[in-house]
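Chain letters run A, B, ... following the sequence lines, proteins first, then strands; residues in each count from 1.
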Amino acid sequence: AQSVTQLDSQVPVFEEAPVELRCNYSSSVSVYLFWYVQYPNQGLQLLLKYLSGSTLVKGINGFEAEFNKSQTSFHLRKPSVHISDTAEYFCAVGASGSARQLTFGSGTQLTVLP
Amino acid sequence: GAGVSQSPSNKVTEKGKDVELRCDPISGHTALYWYRQSLGQGLEFLIYFQGNSAPDKSGLPSDRFSAERTGGSVSTLTIQRTQQEDSAVYLCASSRNTGGGEQYFGPGTRLTVT
C-alpha cells in the first residue's frame with residue numbers, strides 16, 4: 001500500500017517569487033510519482049511524472065520536481081510563479097510497472113498574489 | 001481526439017434517491033478509474049477497470065455503490081439510496097494499459113444530496 005502526505009494545505013506567494021510544494025510518500029514497493037494540477041471547476045491535468053532515470057524531472061508551465069528516494073520525497077518547484085499558476089496541486093503515487101489506481105495527497109492550494 | 005467526458009456535470013438529488021453517473025473514456029484506453037473528491041480532500045479511489053478483467057472494487061465505500069463498464073468503453077457509476085455524505089465531485093479517468101501511463105481526467109460530476 002502507498003500513502004502520500006502534502007505538508008502544506010495552502011501556500012500563498014507573490015508573483016515572480018519562487019515556490020516549493022512539498023510531497024512525501026511511503027510505499028512498500030517501487031513507485032511512480034506524479035504531480036497534477038486542478039484549476040477551478042476543471043478536471044486534473046498532469047504536470048510531470050517520475051518513472052525512472054534522472055531524478056530531476058521537468059514538466060509543463062516551467063515546473064520541475066526532484067525525486068529523493070532516501071527522503072521519500074517528490075517536491076515540486078518553480079523559480080518564478082505567475083498569477084495563472086493559482087490552482088490546487090496534487091501529488092500522487094502509483095506502484096512501479098503497474099497501470100493500477102494512484103494514491104493522491106490531500107492537495108496544496110497555491111495562491112499567487114499580485 | 002476528444003478527452004474524457006462525464007455527464008451530468010451537476011446533479012442535485014434528494015436523500016434516498018438513486019443516481020447514475022456516466023463516463024466516456026478516451027477511445028482506445030483500456031483502463032478506467034473512478035475517484036471521489038470531497039470538499040478539501042484529495043482524491044479517493046473507488047473502482048478500477050482494466051480491459052475485460054474483473055474490476056478492482058476495493059475502494060467502494062459501501063454496497064450502495066456499484067459500477068459497470070459496457071463493451072470496454074462507457075462506464076456508469078450508480079449510487080443507491082443516496083446519503084448526504086455522498087455529496088462530492090466524482091471524477092473519472094482513463095489511461096492506456098501501460099505502467100506509468102498518464103491518467104487523463106474528465107471534468108467531474110458534482111453530486112449534491114439534499
Can you confirm if the aromatic rings of Phe90(A) and Tyr36(A) lie within a centre distance of less than 6.0 Å? no

Does Lys49(A) count as lying over the ring of Phe34(A), i.e. NZ or CZ under 6.0 Å from the six-ring centre, within 45 degrees of the axis? no

Side chain, backbone, both or neither: which part of Tyr50(A) has a heavy atom under 4.5 Å from chain B? neither

Residue Leu33(A) versus chain B: region with a heavy atom under 4.5 Å: neither

Below 4.5 Å, heavy-atom pairs only: which of Glu44(B), Arg110(B), Gln37(B) has the largest tally toward chain A? Gln37(B)

Hey, are Thr111(A) and Thr86(A) close enough side-chain-wise for a donor-acceptor pair under 3.5 Å? no

Taking every heavy-atom pair that is under 4.5 Å apart, which of Gly107(A), Gly43(A), Gly94(A) has the most such pairs with chain B? Gly43(A)

Angle class for the Phe67(A)/Phe74(A) ring planes (parallel below 30°, perpendicular above 60°, tilted otherwise)? perpendicular

Is chain B contacted by the side chain of Gln38(A), its backbone, both, or neither, given a heavy-atom distance below 4.5 Å? side chain

Is the gap between the ring centers of Tyr35(B) and Phe104(A) under 6.0 Å? yes

Which atoms of Leu91(B) come close to chain A, meaning under 4.5 Å heavy atom to heavy atom: side chain ones, backbone ones, both, or neither? side chain

